[in-house]
Amino acid sequence: MRASQFFINTLKEAPSDAEIISHQLMIRAGLIRRLAGGIYTWMPLGLRVLRKVENIVREEMNRAGAMEMLMPAVQPFELWEESGRGPKYGPELLRLKDRHQREFVIGPTHEEVITDVVRREVKSYRQLPRHFYQIQTKFRDEIRPRFGVMRGREFLMKDGYSFHTSFADLQREYQVMYETYTRIFTRLGLKFRAVAADTGAIGGTGSHEFHVLADSGEDGLAYCPDSDYAANVELAEAVAPVVSSVGAGGTLSAPMQKVATPGKARCEDVAEFLNLPLISTVKCIALMTDKKDVPNEFVMLLLRGDHALNEIKTQKAIGEFRFAREDEIVAALGSKPGYLGPVGYSGRLVVDRAVAAMRDFVCGANEEGFHLTGVNFARDLPTPSEIADIRNVVEGDPSPDGNGTLQLCRGIEVGHIFQLRTKYAEALSCTFLDENGKDQVMEMGCYGIGVSRIVGAAIEQGNDERGIIFPTAIAPFSVVIVPMNFAKSETVRNAANALHDELQAAGIDTMLDDRDERAGSMFADWELIGVPHRVVVGERGLKDGKLEYKGRTDNEATLVDVAGMRAFLQQKIG
RNA sequence: CGGGGUGUGGCGCAGCCCGGUAGCGCGCUUGCUUUGGGAGCAAGAUGUCGAGAGUUCGAAUCCCUCCACCCCGACCA
């Protein structure tokens, strides 16, 4: 490829709405351009990257025995009513009407469509198992699109769906996909980790997320360096402490005392004011639940002062909830938030495991400006009847598998595999006849990869002050040839053209920058774009039969014989 | 949807408080010089100041309405 025939449009400054580094660099390098909020055009340069990611995903899916197909982007809304997911998905579904006023949606995912296809096409156990996948543009009307291509509304996704006669066979395929995903992300050249995950809105049982590790990631991950335990913090279990945490000043079973703590509403302030460690304080969280049998119930949660509430775990423990309003809190406890406590409270109380093990702790006195110290269960208030894991794990917590302690890091979710089981197959009557001629509901698995998101994630992971650092596997070009004085020097022109043709013939994806730009701006462009290998062709080196090689992250250039450059690059690219 | 902010040439911004007919840097065009790290000089082009309505002799600037975008919270590949 020659730059004069390509379209390169780099910017010195990124638009001010680009917030994170990958978004800024993608705009500056001319990979994408924004059309509307969360909707981007993939420019020729960006499309090359996207296609490379896509092809690796495709090759590995095919290798694992999945069949590619392409489903419609536009789907009749009836299918979503049939699966029961229409109302639940809500405003994220982009709906539209055709000229006959028939309702359609732009597909945010394709469980319904594939299940519909399979229930029509597959009738017998002899046709199973089957795994179909597609690489499709999807649309989710995100509440808040941001981070460019990382959380766009329109995005490219690989979604695969497998169908089985038994749960055991689904588990077999799930394992195959786990390994396939591991191969894919390895080939893409990304640092990643697979973690146990919450199944979320899609539903089902077993589930793993694949995360590209990056500090800017939106997800918190907990992992154990001494074992292979890894989980999303939404899910990571906080195990109960083995020993009781010692409370105030190390003194055990001091009498409970009411102390004035004017203006100290947060645990941090109270701990500092009383000169006690934060871990001896208890925070009180007031919620409201609304169930058929118990409408509008006030629920109090107890967490250790240094811990944070995990809303997903809490929902699992007590069901749907919302935070209580101030007037509801005052009505239930007679105090404003900041001074709440469980002593004397008789409503529903859910105690975090860590709090249940505490002694001589500090909590609010249910009176503005006052806290209680030296509080103990069994003595000052009843032994808790509801103990649950409702907090986020923190660094240093024991690993739930009993090996070592947890570390935290951040990740960008780029893949997710689920054992869906029979949820959709049942709703859509997707059945087969077994060996005995009996109707059975199929077991389903579903496997997603955010193809366009991977491009952003890769840049988030690979960049420096000069621009993008792409792994060779997904760089728009593997090698760029930068000739000095291309227009005027015939020697340079001939050498550059010859090298370009030689590399292309050897199957190396090569760009020859024949734009006759100044050296500085060509260097800056290709470093911004992130091409991993650069060869400079100049009269200076050519005099001695040499070319200059420089890797994107190298500090110095290396002189290589003209004749040996192809082999040199092949070895570098691997 | 709730809370905060911003809309001025392609991009980044100033001007707005204190109304007087729009400016800077980058980019773009032309010419000459330059040519191994985003060149220099000279000459140019590009704006219904987000939209609509209002106050005023006069509105980018003040008032109202709407729209778009961004940031902070609930979603997800």
Side-chain angles (χ1 to χ4, degrees), chain A residues 9-20 23-24 27-28 30 33-39 53 57 88-93 108-110 135-160 181 197-202 207 209-212 217-219 232 234 311-312 315 320-323 411-418 446-457 466-467 482-489 492 516-528 534 536-542 548 550 557:
Chain A
N9 205 7
T10 58
L11 302 172
K12 285 200 179 130
E13 289 173 292
S16 56
D17 58 7
E19 214 201 329
I20 59 167
H23 188 193
Q24 292 167 3
I27 299 281
R28 285 226 290 135
R33 296 274 108 111
R34 195 185 78 95
L35 178 65
I39 301 177
V53 174
V57 171
K88 211 170 149 191
Y89 231 94
E92 239 179 75
L93 258 186
T109 176
H110 285 71
I135 297 175
Q136 236 294 17
T137 296
K138 311 230 185 258
F139 194 96
R140 289 183 195 168
D141 203 355
E142 290 275 347
I143 303 156
R144 192 147 87 82
R146 58 186 139 171
F147 304 150
V149 109
M150 297 249 286
R151 185 181 283 282
R153 291 194 292 173
E154 187 178 284
F155 57 99
L156 190 65
M157 179 176 171
K158 185 286 296 181
D159 50 327
Y181 274 39
D198 186 57
T199 47
I202 300 181
S207 171
E209 290 169 354
F210 287 76
H211 285 263
V212 166
E218 288 189 90
D219 285 285
N232 196 308
E234 289 174 349
E311 297 186 25
I312 289 174
Q315 201 186 98
E320 292 285 334
F321 68 89
R322 64 174 172 82
F323 290 98
I412 300 161
E413 187 187 352
V414 290
H416 202 157
I417 58 177
F418 291 91
C446 111
Y447 319 91
I449 289 183
V451 176
S452 45
R453 179 180 279 186
I454 284 173
V455 178
R466 292 179 167 183
V482 182
M484 296 294 107
N485 208 6
F486 186 80
K488 297 219 180 99
S489 166
V492 167
D516 199 35
E517 285 284 326
R518 308 179 68 79
S521 56
M522 288 193 284
F523 292 155
D525 271 354
W526 295 112
E527 282 162 353
L528 174 61
R534 183 183 84 190
V536 173
V537 180
E539 285 186 319
R540 195 199 276 172
L542 248 24
E548 288 168 45
K550 187 165 175 292

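All figures in this text were calculated on a predicted structure; none of them were measured in a lab. Proteins come first, then strands; the chains are lettered A, B, ... in the order of their sequence lines, and each starts at number 1.
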(request) Look at the side chain of A:S521 and decide which nucleotide, out of B:C76, B:A39, B:G38, has an atom nearest to it. (result) B:G38
(message) Please report the interatomic distance CZ(A:R466) to CG(A:L528), rounded to the nearest 0.5 Å.
(response) 11.5 Å
(message) Between A:G415 and A:G37, which residue's closest nucleotide on RNA chain B lies nearer the 5′ terminus?
(response) A:G37
(message) Taking only the C1' atom of each, what is the distance from B:A14 to B:U56 in whole angstrom?
(response) 26 Å
(message) For a quick check, tell me whether the side chain of A:R146 and the base of B:C71 share a donor-acceptor pair closer than 3.5 Å.
(response) no
(message) Just to be sure I understand the rule, does A:R153 reach a base, reach only the sugar-phosphate, or reach nothing, if contact means heavy atoms closer than 4.0 Å?
(response) nothing
(request) For nucleotides B:A60 and B:G20, find the distance between their C1' atoms and express it as a whole number of Å. (result) 13 Å
(request) Using the P atom on both, measure B:G44 against B:U8 and round to a whole Å. (result) 27 Å
(message) With side-chain hydrogen bond (donor to acceptor under 3.5 Å, both in side chains) as the criterion, how do A:N232 and A:E209 come out once you've worked through the C-alpha distance, each side chain's angles and the decisive distance to 0.1 Å?
(response) CA-CA 8 Å; A:N232 196 308; A:E209 290 169 354; 2.8 Å; yes
(message) Work out how far the P atom of B:G10 is from that of B:C49, and round it to whole angstrom.
(response) 13 Å
(request) Could you please name the option among B:G38, B:G36, B:A77 that lies closest to any side-chain atom of A:R540? (result) B:G36
(request) Give a yes or no on whether a salt bridge exists between A:E142 and A:R151, defined as a side-chain N under 4.0 angstrom from a carboxylate O. (result) yes
(request) Kindly assign one of parallel, tilted or perpendicular to the pair A:H416 and A:F418, based on the angle between their ring planes and the thresholds 30° and 60°. (result) parallel
(request) Sticking with atom P, work out how far B:C13 lies from B:G50, rounded to a whole angstrom. (result) 15 Å
(request) Report which part of the nucleic acid A:G152 touches: base, sugar-phosphate, or nothing (heavy-atom distance under 4.0 Å, all strands). (result) base
(message) In whole Å, measure the gap between the P atoms of B:G9 and B:G52 for me.
(response) 16 Å
(request) Treat primed atoms plus P, OP1 and OP2 as sugar-phosphate and everything else as base, then score nucleotides 1-15 of chain B 5' to 3': B for base contact with protein heavy atoms under 4.0 Å, S for sugar-phosphate contact only, - for none. (result) ----------SSS--
(request) Scan A:M484 against the nucleic acid and name what it touches under 4.0 Å (heavy atoms): base, sugar-phosphate only, or nothing. (result) base
(request) Spell out yes or no: do the side chain of A:R534 and the base of B:G37 have one donor N/O and one acceptor N/O closer than 3.5 Å? (result) yes
(message) Roughly how many Å apart are B:G36 and B:C11, using the P atom of each and rounding to a whole number?
(response) 32 Å
(request) Please confirm whether A:R453 makes a cation-pi placement over A:F155, using NZ or CZ under 6.0 Å from the six-membered ring centre and within 45° of the ring normal. (result) no
(message) On the side chain of A:E527, is there an atom forming a donor-acceptor pair with the base of B:G37 - under 3.5 Å, no angle test?
(response) yes
(request) State whether the distance check finds a donor on one side and an acceptor on the other, under 3.5 Å, for side chain A:N485 versus base B:G36. (result) no
(message) From the set B:G27, B:A77, B:C76, return the single nucleotide nearest to any side-chain atom of A:K12.
(response) B:G27
(request) Could you let me know what B:C26 is paired to, Watson-Crick or G-U wobble, both distances under 3.5 Å, or none if it's on its own? (result) B:G10
(message) Taking any heavy-atom pair under 4.0 Å as a contact, classify A:K158: base, sugar-phosphate, or nothing.
(response) nothing
(request) For A:E154 and for A:A519, locate the closest nucleotide of RNA chain B by heavy-atom distance; then report the residue assigned to the nucleotide nearer the 5' terminus. (result) A:A519
(request) To the nearest 0.5 Å, tell me how far A:R28 CZ sits from A:N9 CG. (result) 13.0 Å
